[in-house]
Amino acid sequence: MVIKNGLVYGEDQCFQTRDIFIEDHRFVESVDSSDAEVIDAQGLYVLPGLIDVHSHGAVGADFSDADARGLAEILRYEKSCGITTYCPTTMTLPRSQFLAMFDAMKELEITPEMAQIAGINMEGPFLDSPKKGAHAGEFIQEPDVAFFRECSARCAAACPTELGRHIRLVTLAPNTSGAIGFIDALKDETTIALGHTAADYDTARKALDAGARHITHLFNAMEPFSHRSPGLIGAAAEDPDCMAELICDGIHVHASAVRAAFSLFPGRIVLISDSMRAAGMVDGTYTLGGQQVHVKGKLATLSDGTIAGSVTNLYDCMRTAVSFGIPLEDAVAAATINPARSIGIDDEVGVIAVGKQADVLLVDKDMKLVRVIG
């Protein structure tokens, strides 16, 4: 395949009009154009496929359902929205349900219409109860290395694709008993994310120094940034190796705070959807982590008013970031190469470069998705 005349987002995170070449789902130096499909992308942006590292579900299904057919529907929806790489994300549930989630992937049949699974995001259960958000408090537990490794082994045995046979992220509240030991034990096996925590600056700093390097949905389910108490946000902003997730759905984080986040974490923002099963569905009542969620427009809440995930997708989050004044180049990086780097898959995806997987989006100047290739 040859994609000609497009405005290509390159490794330098800038746009340049050039041709790109694809063979066997890889970017290559050139192809025999006499035999290749040729796509004229004149007037279009050519972007890498997006990577959502934090999403629970969509189109009526949730990874926590432990249902391969539902997961397949999620992956089809994500691919149709330009998300070509995806990390199904857990909630805080009983241990047996955790293991069932991983085991269910054995029944998953991957087709070209689906986003690929890059691994699992284990958001619960090692959280701080006062900052549990939409997670079920009765199943929160202290950090447990043995349980994590049990889940990791189930994931490795069940996921049908090599790229997906890992727990890529695990969220940890650093102010819980055993948190530093957990980081020490697992920092070379997965990306440790800090979140759902009331941790102060010093506690967060210790966790980052120990090897944590990712923040779960910045600003949400953590102490606010204050001039006398900078908390997790301040500690993470000072760490040049720490990436920070951001839900840019227009609900979770104000536009001003989105702009501030990109300034506080230059080159380190990871846009996520944090979507739940109501994404792609009509208003109504749904569930997340076993709790009822009421959806109206873009807002999803528990009965007590707590925001419960989003009903958007990562492509729309990227568009929203641009509408908030984030330069397109920075918004694209936050939805492609930044998440790839944060979970250690940037050798395969996240950029249009020779040798990488050829996941491509064609997008018009109004940010409308024209075509997904990959």
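These values consider heavy atoms only, across backbone and side chains, with no hydrogens, waters or symmetry-generated copies. Here the structure is a predicted model, which means the values were calculated and not measured. Throughout, residue positions are numbered sequentially from 1 according to the sequence presented.
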Subject >> Under-4.0 Å salt bridge between Lys131 and Glu223 >> reply: yes
Subject >> Residue Glu162 excluded, over 12 heavy atoms near CD under 6.0 Å >> reply: no
Subject >> Ion pair Glu107/Arg69, N-O distance below 4.0 Å >> reply: no
Original post:
How far apart are the C-alpha atoms of Thr90 and Asn121, what are their side-chain angles, what is the distance that settles it, and do they pass the side chain to side chain contact (heavy atoms under 4.5 Å, CB included) test?
Top reply: CA-CA 6 Å; Thr90 72; Asn121 179 345; over 6 Å; no
Original post:
Can you check whether Val293 reaches Thr285 side chain to side chain, under 4.5 Å on heavy atoms?
Top reply: no
Subject >> Any side-chain heavy-atom pair of Thr84 and Gln116 under 4.5 Å >> reply: no
Original post:
Are Ile272 and Val53 close enough that some pair of their side-chain heavy atoms sits under 4.5 Å apart?
Top reply: yes
Original post:
Are any of the side-chain heavy atoms of Val270 and Pro339 separated by less than 4.5 Å?
Top reply: yes
Original post:
Looking only at atom types and distance, does a side-chain atom of Thr191 sit under 3.5 Å from a main-chain N or O of Ser342, one as donor and one as acceptor?
Top reply: yes
Original post:
So do the side chains of Glu238 and Tyr201 get within less than 4.5 Å of each other, counting heavy atoms only?
Top reply: yes
Original post:
Distance from Glu113 atom CD to Thr111 atom OG1, nearest 0.5 Å?
Top reply: 4.0 Å
Original post:
Do Ser229 side-chain atoms and Ser226 backbone N/O form a donor-acceptor pair below 3.5 Å?
Top reply: no
Original post:
Checking Thr197 side chain against Ala199 main chain: does a donor-acceptor pair fall under 3.5 Å?
Top reply: yes
Original post:
Arg259 side chain to Phe324 main-chain N or O, any donor-acceptor pair under 3.5 Å?
Top reply: yes
Original post:
When you measure from the side chain of His56 to the backbone N and O of Thr89, does any donor-acceptor pair fall under 3.5 Å?
Top reply: yes
**OP:** Go through Asp364 and Arg371 one step at a time and tell me if the salt bridge (Lys or Arg N to Asp or Glu O under 4.0 Å) criterion holds.
**Re:** CA-CA 10 Å; Asp364 71 16; Arg371 182 172 175 182; over 6 Å; no
Subject >> Nearest heavy-atom neighbours spanning Ala340 and Val349 >> reply: CB-O, 3.6 Å
**OP:** Spell out, as yes or no, whether a donor-acceptor pair under 3.5 Å connects the side chain of Thr190 to the backbone of Arg168.
**Re:** yes
Subject >> Residues in side chain to side chain contact (heavy atoms under 4.5 Å, CB included) contact with Pro327, at least two apart in sequence or another chain >> reply: Glu329, Asp330
Original post:
Considering the options Pro88, Ser152, Cys151, which one meets the side-chain contact (heavy atoms from CB on, under 4.5 Å) requirement together with Phe102?
Top reply: Cys151
Original post:
Would you find a donor on one side and an acceptor on the other, under 3.5 Å apart, between the side chain of Lys79 and the backbone of Gly374?
Top reply: yes
Subject >> Minimum-distance pair of heavy atoms, taken over all atoms of Tyr77 and Ser80 >> reply: O-OG, 2.6 Å
Original post:
Above 12 or not: heavy atoms from other molecules or residues under 6.0 Å from NE2 of His25?
Top reply: yes
**OP:** Give a yes or no on whether Asp24 atom CG has more than 12 heavy-atom contacts from other residues, nucleotides or ligands under 6.0 Å away.
**Re:** no
Subject >> Shortest non-hydrogen contact from His252 toward Ile307 >> reply: NE2-CG2, 3.1 Å
Subject >> Beyond-backbone contact of Val145 with Leu186, side-chain heavy atoms, under 4.5 angstrom >> reply: yes
Subject >> Close side-chain approach of Leu302 and Gln292, heavy atoms under 4.5 Å >> reply: no
Original post:
So, for Ser273 and Asp52, which heavy atoms are closest and what is the spacing to 0.1 Å?
Top reply: OG-OD2, 2.6 Å
Subject >> Verify same cluster id: Val258, Ile269 (apolar side-chain graph, 4.5 Å) >> reply: yes
Original post:
Checking side chain to side chain contact (heavy atoms under 4.5 Å, CB included) for the pair Leu99/Gln97: CA distance, chi angles, key distance, verdict?
Top reply: CA-CA 5 Å; Leu99 300 178; Gln97 186 71 8; over 6 Å; no
**OP:** May I ask you to check whether Phe148 and Phe126 place their ring centers less than 6.0 Å from one another?
**Re:** no
Original post:
Do Leu7 and Val322 share a hydrophobic cluster, counting only Ile, Leu, Val, Met, Phe, Trp and Tyr and linking them when any side-chain heavy atoms are less than 4.5 Å apart?
Top reply: yes
Original post:
Does the pair Phe225 and Phe219 meet the rule for a ring pair (Phe, Tyr, Trp, His ring centres under 6.0 Å), with working shown?
Top reply: CA-CA 8 Å; Phe225 179 78; Phe219 301 125; 8.7 Å; no
Subject >> Spacing of Ile39 atom CD1 and Leu44 atom CG [to the nearest 0.5 Å] >> reply: 10.0 Å
Original post:
Between Asp202 and Arg205, is there a donor-acceptor pair closer than 3.5 Å when you use the side chain of the first and the backbone of the second?
Top reply: no
Subject >> Shortest non-hydrogen contact between Thr312 and Ser275, atoms and distance >> reply: O-CB, 3.3 Å
Original post:
Just how far is it from atom CD1 of Ile120 to atom SG of Cys155, taken to the nearest 0.5 Å?
Top reply: 4.5 Å
**OP:** Could you tell me whether Asp65 and Arg277 have a side-chain N and a carboxylate O separated by less than 4.0 Å?
**Re:** yes
Subject >> Min side-chain heavy-atom separation Leu369-Leu362 under 4.5 Å >> reply: no
**OP:** Could you tell me whether Asp241 and Arg213 make a salt bridge, using a distance below 4.0 angstrom between a side-chain N and a carboxylate O?
**Re:** no
Original post:
Can any side-chain N or O of Ser64 pair as donor or acceptor with the backbone N or O of Gly289 at less than 3.5 Å?
Top reply: no
Original post:
What's the verdict on salt bridge (Lys or Arg N to Asp or Glu O under 4.0 Å) for Glu348 and Arg26, showing C-alpha distance, side-chain angles and the deciding distance?
Top reply: CA-CA 10 Å; Glu348 280 290 307; Arg26 294 278 169 180; 2.9 Å; yes
**OP:** Walk me through it: do Arg18 and Ile20 pass the test side chain to side chain contact (heavy atoms under 4.5 Å, CB included)?
**Re:** CA-CA 7 Å; Arg18 63 184 177 92; Ile20 60 173; 3.4 Å; yes
Original post:
If you round to the nearest 0.5 Å, how far is NE2 of His166 from CD1 of Ile345?
Top reply: 10.0 Å
Original post:
According to the interplanar angle, ranging from 0 to 90°, do the rings of His54 and His217 count as parallel (below 30°), tilted (30 to 60°) or perpendicular (above 60°)?
Top reply: tilted
Original post:
Between His196 and Leu127, is there a donor-acceptor pair closer than 3.5 Å when you use the side chain of the first and the backbone of the second?
Top reply: no
Original post:
Given Phe21 and Phe27, is the ring pair (Phe, Tyr, Trp, His ring centres under 6.0 Å) satisfied, shown in steps?
Top reply: CA-CA 6 Å; Phe21 307 93; Phe27 295 112; over 10 Å; no
Original post:
Quick one: OH on Tyr9 to CD1 on Ile352, what's the gap to the nearest 0.5 Å?
Top reply: 10.0 Å
Original post:
salt bridge (Lys or Arg N to Asp or Glu O under 4.0 Å) between Asp40 and Lys4: does it pass, once the steps are laid out?
Top reply: CA-CA 5 Å; Asp40 188 351; Lys4 298 177 61 68; over 6 Å; no
**OP:** Measure the spacing between CG of Leu299 and CD1 of Ile251 and express it to the nearest 0.5 Å.
**Re:** 5.0 Å
Subject >> Salt-bridge contact Glu73-Arg76 (side-chain N to carboxylate O under 4.0 Å) >> reply: yes
**OP:** Check the surroundings of atom NZ in Lys187: do more than 12 heavy atoms from other residues, nucleotides or ligands lie under 6.0 Å from it?
**Re:** yes
Original post:
Looking only at heavy atoms, which two atoms of Leu172 and Ala179 are closest? And how far apart?
Top reply: CD2-O, 3.6 Å
